[in-house]
Amino acid sequence: MQQDDKSQHEELSESTRLVHDARHDRGAISPPIYQSSLFSFTDYDSMIARFRGDSDHALYSRVDNPTVVELQKKVAQLEGGEACLAFGSGMAAISNAILSVAGPGDKVVCVNHVYPDTYRFLRGFCTRFQIESQFVDGSSLAVLEDAMQGAKLLYLESPNSWVMGEQNLRAIAELAKKYGVVTMIDNSWASPIFQKPLAAGIDLVIHSASKYISGHSDVVAGLVVSSTEHINAINRHISPFLGGKLSANEAWLLLRGLRTLPLRMRQHQESALELAHRLQGYSRITQVNHPGLDPLPTSTLTGYSGLFSFELSEGIDIPTFCNALKLFRMGVSWGGFESLVMPAISVLNQVGEFNSAIDFGVSPRVIRISIGLEDTEDLWRDLKNAIESACS
Ligand SMILES: *Cc1c(COP(=O)(O)O)cnc(C)c1O
């Protein structure tokens with residue numbers, strides 16, 4: 001594997017760089033999938049050099065599978081970070097990253113409306129390690145500044161789950177530096193195409209690559225991008241032991257997804273913004289939560305993805321609405337080619353400890369929708385028909 005000429009690379013735009021991979025043996029356009037658990041050495045000295053850390057010869061696929069390493073390089077460059085680590089899921093990325101910063105006796109401040117399993121991880125699992133969490137309104141700088149006192153880590157998700165609330169990344173990063181707090185953000189919603197948190201001063205960026213980076217609803221994966229120092233803290237002290245590695249096959253699918261990511265994001269943005277505007281003007285909708293409808297002056301978003309939510313008025317029967325949809329499927333996750341709906345009532349009824357939808361007060365009238373790559377007018381007709389047929 002040779003890298004393309006670097007000086008030439010830096011002048012190219014993001015979408016061009018994403019299409020052009022490193023050059024591969026035999027002129028293969030698509031990277032090889034290294035389906036091998038271990039990588040052998042040709043001689044004694046090269047093996048010793050690898051263990052001494054003087055060589056980047058691949059060793060073992062829990063640590064440095066070359067297909068996974070190629071994905072990591074590409075994502076690090078895309079987010080503007082020094083290094084990246086890939087994981088077998090977004091939650092593996094989140095748990096490894098949090099545990100690399102916070103330890104016994106530390107306090108984590110986390111914004112409200114984070115991803116439900118992030119909430120459960122902090123509220124439940126982390127307390128076993130004497131890591132305490134405080135959940136706060138991420139839209140208030142004063143509240144955040146107050147909570148940051150004595151904290152080790154500030155965990156952000158912007159825009160966040162269900163309500164798509166944004167946080168002021170630049171101002172928060174500045175405050176966190178003042179108080180010596182490490183900052184981390186779940187950037188899955190915007191994807192690296194529409195938000196670059198590292199450039200805003202945030203320390204670590206996390207993606208559930210199961211969403212837009214995959215884009216084809218066929219992979220579960222996670223990514224962390226940061227400085228070499230933060231990434232080393234994870235891959236020396238945490239990830240080898242938790243072992244949540246990404247497979248070469250899934251890394252390959254993500255490399256494929258990256259080539260069309262800018263193109264797909266533009267289409268998701270266009271359709272979702274159009275549908276959000278139409279829903280906002282529709283009589284049976286009481287609220288639309290989409291960060292593009294009333295953009296914040298402090299926003300670091302350079303575009304909008306396809307995920308937003310709205311509230312159906314009291315007269316609309318939610319089960320009838322869901323069942324009347326023909327193009328939108330009902331299901332969890334988002335970010336794929338297919339449009340999906342997810343009524344908040346389903347997560348409000350979810351059994352188990354620490355229900356974030358209940359604790360953060362998500363309204364039972366909320367419907368989350370992920371706008372896929374279908375024709376916008378077809379999607380609008382489907383939504384309108386379902387709303388009308390669910391009116392009492
Ligand atoms: C899906 C999701 C996750 C978890 O990712 P997995 O790949 O499912 O483990 C984390 N954060 C957000 C915002 C998500 O939507």
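All values reported here derive from a predicted model rather than from experimental measurement. One-based numbering, in listed order, for ligands and for the atoms of each. Only this structure's heavy atoms are used, side chains among them; waters, hydrogens and symmetry mates stay out. In this chain, numbering begins with 1 at the start of the sequence shown.
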Note to self: Side chains of Gln350 and Asn355: any donor to acceptor distance under 3.5 Å?
What the structure shows: no
Margin query: Please determine whether salt bridge (Lys or Arg N to Asp or Glu O under 4.0 Å) holds for the pair Arg284 and Glu388, giving the CA-CA distance in whole Å, both sets of side-chain angles, and the decisive distance to 0.1 Å.
Written below: CA-CA 9 Å; Arg284 312 194 190 282; Glu388 292 307 324; 3.3 Å; yes
Note to self: Regarding Ser158 and Glu166, do their side chains bring together a donor and an acceptor under 3.5 Å, going by distance alone?
What the structure shows: no
Notebook entry, point to check: Which residue owns the protein heavy atom closest to atom 13 (C) of ligand 1, what's the atom, and how far is it?
Noted result: Asp186 OD2, 3.4 Å
Next item on the list: Measure the distance from atom 4 (C) of ligand 1 to every protein heavy atom, then report the residue, atom name and distance (to 0.1 Å) of the closest one.
Entry: Tyr115 CE2, 3.4 Å
Check: Under a 4.0 Å N-O cut-off, is there an ion pair linking Arg123 with Glu353?
Finding: no
Check: In the protein, what heavy atom is nearest to atom 7 (O) of ligand 1, and what distance, to one decimal place, separates them?
Finding: Ser210 OG, 2.6 Å
Next item on the list: Return yes or no for this condition: an N or O of Met91 is under 3.5 Å from an N or O of ligand 1.
Entry: yes
Next item on the list: Answer yes or no: does an N/O atom from Gly90 fall short of 3.5 Å to an N/O atom of ligand 1?
Entry: yes
Check: Looking only at heavy atoms of Asn160, does any of them come nearer than 4.0 Å to an atom of ligand 1?
Finding: no
Notebook entry, point to check: Should Ala221 be listed as contacting ligand 1, given a heavy-atom distance under 4.0 Å as the test?
Noted result: yes
Listing, residues 323-338 side-chain donor-acceptor contacts under 3.5 Å, not counting sequence neighbours, or none:
unit_1, atom_1, unit_2, atom_2, d
Asn323, ND2, Pro319, O, 3.2
Glu338, OE1, Ser217, OG, 3.0
Glu338, OE2, Ser217, OG, 2.8

Next item on the list: Consider only side-chain N and O atoms of Ser30 and Trp252, and report whether a donor and an acceptor are under 3.5 Å apart.
Entry: yes
Notebook entry, point to check: What protein heavy atom sits nearest atom 2 (C) of ligand 1, and how far off is it?
Noted result: Lys211 NZ, 2.4 Å
Check: Heavy-atom contacts under 4.0 Å between Asp117 and ligand 1: side chain, backbone, both, or neither?
Finding: neither
Next item on the list: Indicate yes or no: does Arg50 engage Asp56 in a salt bridge with an N to O separation below 4.0 Å.
Entry: no
Notebook entry, point to check: Should the heavy atoms of other residues, nucleotides or ligands under 6.0 Å from NZ of Lys384 be counted, would the total exceed 12?
Noted result: no
Notebook entry, point to check: What atoms of ligand 1 come closer than 4.0 angstrom to any heavy atom of Ile94?
Noted result: 10 (C)
Notebook entry, point to check: How far is atom 5 (O) of ligand 1 from its nearest protein heavy atom, and which residue and atom is that?
Noted result: Ser208 OG, 2.9 Å
Check: With the threshold set at 4.0 Å, does a side-chain nitrogen-carboxylate oxygen contact exist between Glu14 and Lys196?
Finding: yes
Check: Heavy-atom contact under 4.0 Å between Trp334 and ligand 1?
Finding: yes
Checklist line | ligand 1 atoms in contact with Glu157 (distance to a heavy atom under 4.0 Å) | finding: 13 (C)
Next item on the list: Go through ligand 1 atom by atom and flag the ones less than 4.0 Å from a non-hydrogen atom of Ser89.
Entry: 7 (O), 9 (O)
